[in-house]
*Asks:* 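For reference, the structure I am asking about is given below.
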Amino acid sequence: MSKLILDRILQSQGFGTRKWCGELIAAGEVSIAGTTVTDSRAAIETNGLEFTIFGEVWTFREHIYIALHKPANFECSRKSSHHPGVHTILPEQFTRRDVQTVGRLDHDTTGLLLMSDDGPFIHQQSSPKRHIPKIYVATTHDPVTPELVAELLAGVKLHDEHATLAAVTCRMVDSHRIEIVLEQGKYHQVKRMLAAAGNHCVALHRSQIGGLKLDVLGLAEGEWCYLDEAQLAVLAPG
Ligand code: URA
């Protein structure tokens, strides 16, 4: 059992200030199990709670965990400058809940992006100590060669990095596509590694994080879904 006051519930779910939520409730905009609730101080069980607001059904979520198929030409930064931010793809309630990206993809990179309002989850998931593999497919300007694969596996030296950085695994997909698995998430890492190995990345797509595969989620570009416990469990080993 975990009861909360209704205006606080709506506030926690990103519907605005407590005062504004109170006004929505008093105006009859909120119903639970088919009954309009106009008392903003009503204590409501949040476990399994579904509520309707402006005719739309929402499930109470203490935290949200989202997978987004990021399209190109969106920035991960909240203060996006040249392109719209990925948060503009999601309901505005999520921005008010301070949903953030787990790490970043470049504006021109497509693919699997995790987002959440759970700070410890974001921190854990981004920590290099957890060694969570991320799978990228890069389209290259010049043909992929066995030498390129070998060089990325052996490690390349990047500007401003002390140690060489190596792919965990790496394989040729076709003449101009290479799959690269990384455990770190350094700035422009795939593009910089390919450049250091003498090629050039012309397009980049992240297909998988840990055991979570974008194609299994079945999201088209720009689509997103909530992640359930089983999906979160396959994100990180251990
Ligand atoms: N490496 C890059 O170069 N860019 C990304 O967006 C992700 C990894």
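Keep in mind that what you see is a predicted model, and the values were worked out from it rather than measured.
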*Asks:* Any chance you could measure Ile66, atom CD1, to Trp224, atom CH2, to the nearest 0.5 Å?
*Replies:* 5.5 Å
*Asks:* A side-chain contact here means heavy atoms from C-beta on lying under 4.5 Å apart; do Leu10 and Ile25 qualify?
*Replies:*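 Result yes, sub-4.5 Å side-chain heavy-atom pair found.
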*Asks:* Going from OG on Ser81 to NE2 on His83, what distance comes out if it is rounded to the nearest 0.5 angstrom?
*Replies:*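 The distance works out to 7.5 Å.
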*Asks:* List the steps and the verdict of side chain to side chain contact (heavy atoms under 4.5 Å, CB included) for His87 and Val99.
*Replies:* CA-CA 8 Å; His87 60 275; Val99 167; over 6 Å; no
*Asks:* Go through it in stages, so that I can follow the logic: the residues are Asp160 and Lys186, the test is salt bridge (Lys or Arg N to Asp or Glu O under 4.0 Å), and I'd like the CA-CA distance, side-chain angles, deciding distance and then a yes or no.
*Replies:* CA-CA 11 Å; Asp160 302 335; Lys186 308 251 183 220; over 6 Å; no
*Asks:* Would you say that Tyr136 contacts Arg206 through its side chain, given a criterion of any heavy-atom pair below 4.5 Å between the two side chains?
*Replies:* yes
*Asks:* Show the nearest heavy-atom pair for residues Leu153 and Val168, with the distance to one decimal.
*Replies:* CD2-O, 4.1 Å
*Asks:* Is any side-chain heavy atom of Leu112 less than 4.5 Å from a side-chain heavy atom of Leu217?
*Replies:* yes
*Asks:* Would you say the side chains of Asp106 and His188 form a donor-acceptor pair under 3.5 Å?
*Replies:*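 Short answer, yes.
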*Asks:* Kindly give the heavy-atom pair with the smallest separation between Ile9 and Ser12, and that separation in Å.
*Replies:* O-OG, 2.6 Å
*Asks:* Rounded to the nearest 0.5 Å, how far does CG of Asp117 lie from CD1 of Ile64?
*Replies:*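 Ile64 CD1 to Asp117 CG: 5.0 Å, rounded to 0.5 Å.
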*Asks:* Would you say Leu165 ends up clustered with Ile180 if hydrophobic residues are merged whenever their side chains have heavy atoms under 4.5 Å apart, either directly or through other cluster members?
*Replies:*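 Hydrophobic grouping puts Ile180 with Leu165.
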*Asks:* Is it true that Ile132 and Val234 fall in one hydrophobic cluster, defined by side-chain heavy atoms closer than 4.5 Å?
*Replies:*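 Yes: a chain of side-chain contacts under 4.5 Å links Ile132 to Val234.
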*Asks:* Ile44 and Trp20: same hydrophobic cluster, using ILVMFWY side-chain contacts below 4.5 Å?
*Replies:*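 Yes, one cluster joins them.
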*Asks:* Taking atom types as modelled and ignoring hydrogens, do the side chains of Glu183 and His131 form a donor-acceptor contact shorter than 3.5 angstrom?
*Replies:*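 The criterion, which ignores hydrogens and geometry beyond distance, is satisfied for His131 and Glu183.
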*Asks:* With Arg61 as the cation and Tyr226 as the aromatic partner, state whether NZ or CZ is under 6.0 Å from the six-membered ring centre and within 45° of the axis.
*Replies:* yes
*Asks:* Is the distance from the ring center of Tyr65 to that of Phe121 below 6.0 Å?
*Replies:*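 Ring-ring flag for Tyr65/Phe121: true, centres closer than 6.0 Å.
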*Asks:* How far apart are the closest heavy atoms of Ser40 and Gly22, and which atoms are they?
*Replies:*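 Ser40 and Gly22 have their closest heavy atoms at CB-CA, 3.9 Å.
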*Asks:* Please determine whether the number of non-hydrogen atoms from other residues, nucleotides or ligands lying under 6.0 Å from atom NE2 of His141 exceeds 12.
*Replies:*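 Not more than 12 within 6.0 Å, no.
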*Asks:* Let me confirm one number: the NZ-CD distance from Lys134 to Gln189, rounded to the nearest 0.5 Å.
*Replies:* 9.0 Å
*Asks:* Measure the shortest side-chain to side-chain distance between Leu158 and Met193 over non-hydrogen atoms and say whether it is less than 4.5 angstrom.
*Replies:*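 Touching, per the 4.5 Å side-chain cut-off.
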*Asks:* Given Arg78 and Gln100, is the side chain to side chain contact (heavy atoms under 4.5 Å, CB included) satisfied, shown in steps?
*Replies:* CA-CA 8 Å; Arg78 283 286 280 278; Gln100 304 191 10; 4.1 Å; yes
*Asks:* Between Trp58 and Phe15, what is the ring plane arrangement, given parallel below 30°, perpendicular above 60°, and tilted in between?
*Replies:* perpendicular
*Asks:* Using a 4.5 Å cut-off on heavy atoms from C-beta on, say whether the side chain of Gln93 contacts that of Gln13.
*Replies:* no
*Asks:* Could you verify whether a donor N or O on one side chain and an acceptor N or O on the other, from His205 and Thr110, lie under 3.5 Å apart?
*Replies:* yes
*Asks:* Step through the shown structure and confirm whether more than 12 heavy atoms of other residues, nucleotides or ligands are within 6.0 Å of NZ on Lys157.
*Replies:*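 Result for NZ/Lys157: enclosed.
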*Asks:* Minimum heavy-atom separation for Ser126 to Val102, with atom names?
*Replies:*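 Heavy atoms of Ser126 and Val102 come nearest at OG-CG1, 3.9 Å.
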*Asks:* Could you check whether any side-chain heavy atom of Leu219 comes within less than 4.5 Å of a side-chain heavy atom of Leu68, counting everything from C-beta outward?
*Replies:*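 No - every pair of side-chain heavy atoms lies 4.5 Å or more apart.
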*Asks:* Applying the 4.5 Å side-chain criterion to the ILVMFWY set and letting contacts propagate, would Ile122 and Ile209 be lumped into a single cluster?
*Replies:* yes
*Asks:* Tell me whether Phe94 is reachable from Leu24 by hopping between hydrophobic residues (I, L, V, M, F, W, Y) whose side-chain heavy atoms are closer than 4.5 Å.
*Replies:* yes
*Asks:* To the nearest 0.5 Å, what is the distance between CG on Asp174 and CE on Met172?
*Replies:*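 Here the interatomic distance stands at 7.0 Å.
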*Asks:* Go through the steps for Cys76 and Leu105 under the test side chain to side chain contact (heavy atoms under 4.5 Å, CB included), then give the verdict.
*Replies:* CA-CA 6 Å; Cys76 286; Leu105 292 177; 4.3 Å; yes
*Asks:* Does the side chain to side chain contact (heavy atoms under 4.5 Å, CB included) test come out yes or no for Leu6 and Ile32, once each step is laid out?
*Replies:* CA-CA 10 Å; Leu6 186 53; Ile32 297 171; 4.1 Å; yes
*Asks:* Do other residues, nucleotides or ligands put more than 12 heavy atoms under 6.0 Å from the CZ atom of Arg96?
*Replies:* yes
*Asks:* Please find the pair of heavy atoms, one from Phe74 and one from Ile89, that lie closest to each other, and give the distance.
*Replies:*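 Looks like CE2-CG1, 3.8 Å.
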*Asks:* Any side-chain heavy-atom pair from Leu114 and Leu212 closer than 4.5 angstrom?
*Replies:* yes
*Asks:* Look up atom NZ in Lys3 and atom CD1 in Ile5, then write down how far apart they are to the nearest 0.5 Å.
*Replies:*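 Answer rounded to 0.5 Å: 9.5 Å.
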*Asks:* Any idea which heavy atoms bring Cys21 and Gln11 closest together, and the distance?
*Replies:* SG-N, 3.6 Å
*Asks:* Look at atom CD of Glu45 and say whether more than 12 heavy atoms of other residues, nucleotides or ligands are closer to it than 6.0 Å.
*Replies:* yes
*Asks:* With a 4.5 Å limit on heavy-atom distance, are the side chains of Gln125 and Leu235 in contact?
*Replies:* yes
